[in-house]
Amino acid sequence: MNNQSKAAVNAGVHGSTGTEFQKHCALYFLFEKYKDIKDRKYFICIEHHDDFLFCYQTYDELISSIDSYQAKKSSEKWEMSGLYELLGKMTGVGLSLNADSMPKEKNYKHNLEFITNNSIKLSNGAKGKGKNKSITINESNSRLKFTELDTEITNKIEVEIKKILGNDLEGLKELNNISLAYIDFPKKSAGQKDSLVGQFNRIFGEKVSDHRAAVDALLLLFRDVENTLNQGNVVKLMDETKRVSSSSINDAIDVITTKTMAFDLWRNEEKEVCRNLEIAIPEKSEFKLNFINSFDRFKDYQQVEHKKILSFVKDNSNIMYRFTVETDCILELYQMFRKNVSSQLSELSIKAAIYAAYIEVRGQL
């Protein structure tokens, strides 16, 4: 079997139709894993080797392990006959991951998981009283590894996979890395989105005011990598255009949570902030817009002036310990900046950015 299997090569924009379920599943597993992986270095690939991958790295960027997912929604339960082609493809994915040139740790390993939102019935195919052995993967028994199945069932699967692989049986060993799982995910896209919003709410709660907007923002991270063609039509984990990195996910979540904090502070202290910074009544709307947009600009390396303001506030964060009233501290930072640093931004934009930088830096102390 060719390690770089045709099924594993993403067609980019030509293969983007019908991948909404896969993107929703990728976000579902991000939320499921979040508490365990939020401090780890990893990246997620969409439509790259498989429907999606979670690739875990050491801090010197060696791949330590990969969780690879083949995600299929279904309105009917899965029978053995509908699984063989999928499992055959997954063995090819396993070989492709092993052959990928991305540097790996000595003890590198990968898991190949088939996930679906309907039940999976596995059996040995035998007929007659007492001969049939079967097991169902569903809500109450949601995940099974190939190695945990009854031997008669695994033998049946191996026979069929050998037929698919033909003369090249190298992929047969990858069956031991395969697992099959049921996820409690609605059939329709709108219901899946509601489920994701609920998951996000359980993780972040009141730290975020608009959980649905947060889920939409995170899904947007997958859009560019999903629609990017593989370079030379070859799948490589080294291709950073096909990744959503842990740092970009963390940055997005930081912006989402910081914006909520910013809105709360603005509602509570709008009058006092505007008075201290001398924001005229007609300027309030523009000031608020610049204030909110500053959090995104702090993450954009092209926004040099905003990065300059954020660095200045970070470098002078020690003055925060001298104040008991936040608006007085913000005013002092603004006056210090104007006295010591030149900027191409308008006066209103500087005031808004100083205010936003204060909130971002304060949250890190």
Side-chain angles (χ1 to χ4, degrees), residues 5 7-8 10 15-34 36-37 42-56 65-94 96-97 109-122 135-149 153-154 157 161 174-200 215 218-219 222 225-226 244:
S5 64
N10 172 29
S16 62
T17 304
T19 60
E20 194 169 32
F21 179 72
Q22 285 86 347
K23 286 186 293 183
H24 288 172
C25 286
L27 196 55
Y28 173 95
F29 278 98
L30 175 62
F31 293 159
E32 284 285 299
K33 299 168 183 277
Y34 184 73
D36 294 326
I37 68 174
Y42 66 92
F43 59 88
I44 300 171
C45 294
I46 306 291
E47 287 287 304
H48 196 58
H49 278 301
D50 214 339
D51 287 337
F52 60 94
L53 310 174
F54 279 73
C55 303
Y56 304 100
S65 65
I66 294 176
D67 291 332
S68 175
Y69 295 91
Q70 178 75 202
K72 301 295 179 190
K73 65 178 179 179
S74 178
S75 57
E76 299 178 352
K77 70 178 181 180
W78 292 85
E79 303 285 351
M80 292 277 280
S81 58
L83 292 172
Y84 298 132
E85 287 291 338
L86 285 169
L87 296 177
K89 175 185 175 182
M90 290 169 70
T91 65
V93 170
S96 295
L97 292 175
K109 61 182 179 180
H110 58 245
N111 301 304
L112 311 169
E113 185 148 298
F114 171 65
I115 56 173
T116 183
N117 58 345
N118 215 319
S119 60
I120 306 168
K121 184 177 181 181
L122 305 174
I135 190 168
T136 300
I137 301 169
N138 53 24
E139 300 95 330
S140 58
N141 185 32
S142 61
R143 184 177 186 269
L144 280 175
K145 295 180 180 180
F146 180 82
T147 53
E148 296 171 339
L149 298 174
I153 296 176
T154 60
I157 293 172
I161 298 302
E174 291 294 331
L175 285 174
N176 288 334
N177 294 321
I178 285 178
S179 55
L180 301 100
Y182 166 86
I183 60 170
D184 188 11
F185 222 22
K187 303 290 189 294
K188 294 184 178 179
S189 177
Q192 293 163 17
K193 184 77 72 69
D194 289 342
S195 179
L196 292 172
V197 170
Q199 277 185 295
F200 189 87
V215 166
L218 291 171
L219 285 171
F222 296 147
V225 297
E226 172 203 357
V244 179

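For Ser74 against Asn118, the heavy-atom pair with the smallest separation is O-ND2, 3.2 Å. Across all non-hydrogen atoms, the minimal contact from Ser119 to Tyr182 is N-CD1, 4.1 Å. Closest of all the heavy-atom pairs between Phe31 and Leu196 is CE1-O, 3.6 Å. Closest of all the heavy-atom pairs between Glu174 and Thr91 is CG-O, 3.6 Å.
Contact of the Phe29 side chain with the Phe52 side chain is registered, since non-hydrogen atoms from C-beta on lie closer than 4.5 Å. No side-chain heavy atom of Val244 sits under 4.5 Å from any side-chain heavy atom of Phe43. Using a 4.5 Å cut-off on side-chain heavy atoms (C-beta onward), Leu86 and Tyr84 make no contact. Under the 4.5 Å side-chain criterion, counting only non-hydrogen atoms from C-beta, Asp67 is not in contact with Leu53. Within the 4.5 Å cutoff, no side-chain heavy atoms of Leu144 are placed close to those of Ile120. Residues Tyr42 and Leu30 form a side-chain contact, since some pair of their non-hydrogen atoms from C-beta on lies under 4.5 Å apart. Residues Phe146 and Leu122 have side chains not in contact (no heavy-atom distance under 4.5 Å, counting atoms from C-beta outward).
Asp184 places no side-chain N or O within 3.5 Å of a backbone atom of Asn117 that could act as its donor or acceptor partner. Not a single donor-acceptor pair under 3.5 Å links the side chain of Asn177 to the backbone N or O of Asn111.
Applying the side-chain hydrogen bond (donor to acceptor under 3.5 Å, both in side chains) test to pairs two or more places apart or on separate chains, those with a residue in residues 185-198 are Glu20-Ser189, His24-Gln192, Lys193-Asp216, Asp194-Arg212. Pairs of residues two or more places apart, or lying in two chains, that qualify as side-chain hydrogen bond (donor to acceptor under 3.5 Å, both in side chains) and include a residue from residues 139-148 are Glu113-Arg143, Asn138-Ser140, Arg143-Ser179.
Put simply, CG on Leu175 and CG on Leu149 are 10.5 Å apart, with the number rounded to the nearest 0.5 Å. Expressed to the nearest 0.5 Å, how far NZ of Lys23 lies from CG of Leu219 amounts to 7.0 Å. Cys25 contributes atom SG, which lies 11.0 Å from atom CD of Glu32 (distance to the nearest 0.5 angstrom). Note that OG1 of Thr154 and CD1 of Ile161 are 12.0 Å apart. Values are rounded to the nearest 0.5 Å. Note that the CD atom of Gln22 and the CD1 atom of Ile115 stand 8.5 Å from one another [nearest 0.5 Å]. From Ser68, atom OG reaches atom CG of Leu97 across 5.5 Å, with rounding to the nearest 0.5 Å.
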Under 3.5 Å donor-acceptor pairs involving side-chain atoms of residues 76-83, not counting sequence neighbours:
unit_1, atom_1, unit_2, atom_2, d
Trp78, NE1, Thr116, OG1, 2.8

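By the 6.0 Å contact criterion, CD on Glu85 is open, its count of non-hydrogen atoms from other residues, nucleotides or ligands being 12 or less.
Taking the six-membered ring where tryptophan is involved, the planes of Phe54 and Tyr69 are perpendicular, since the angle between them exceeds 60° and thus also 30°.
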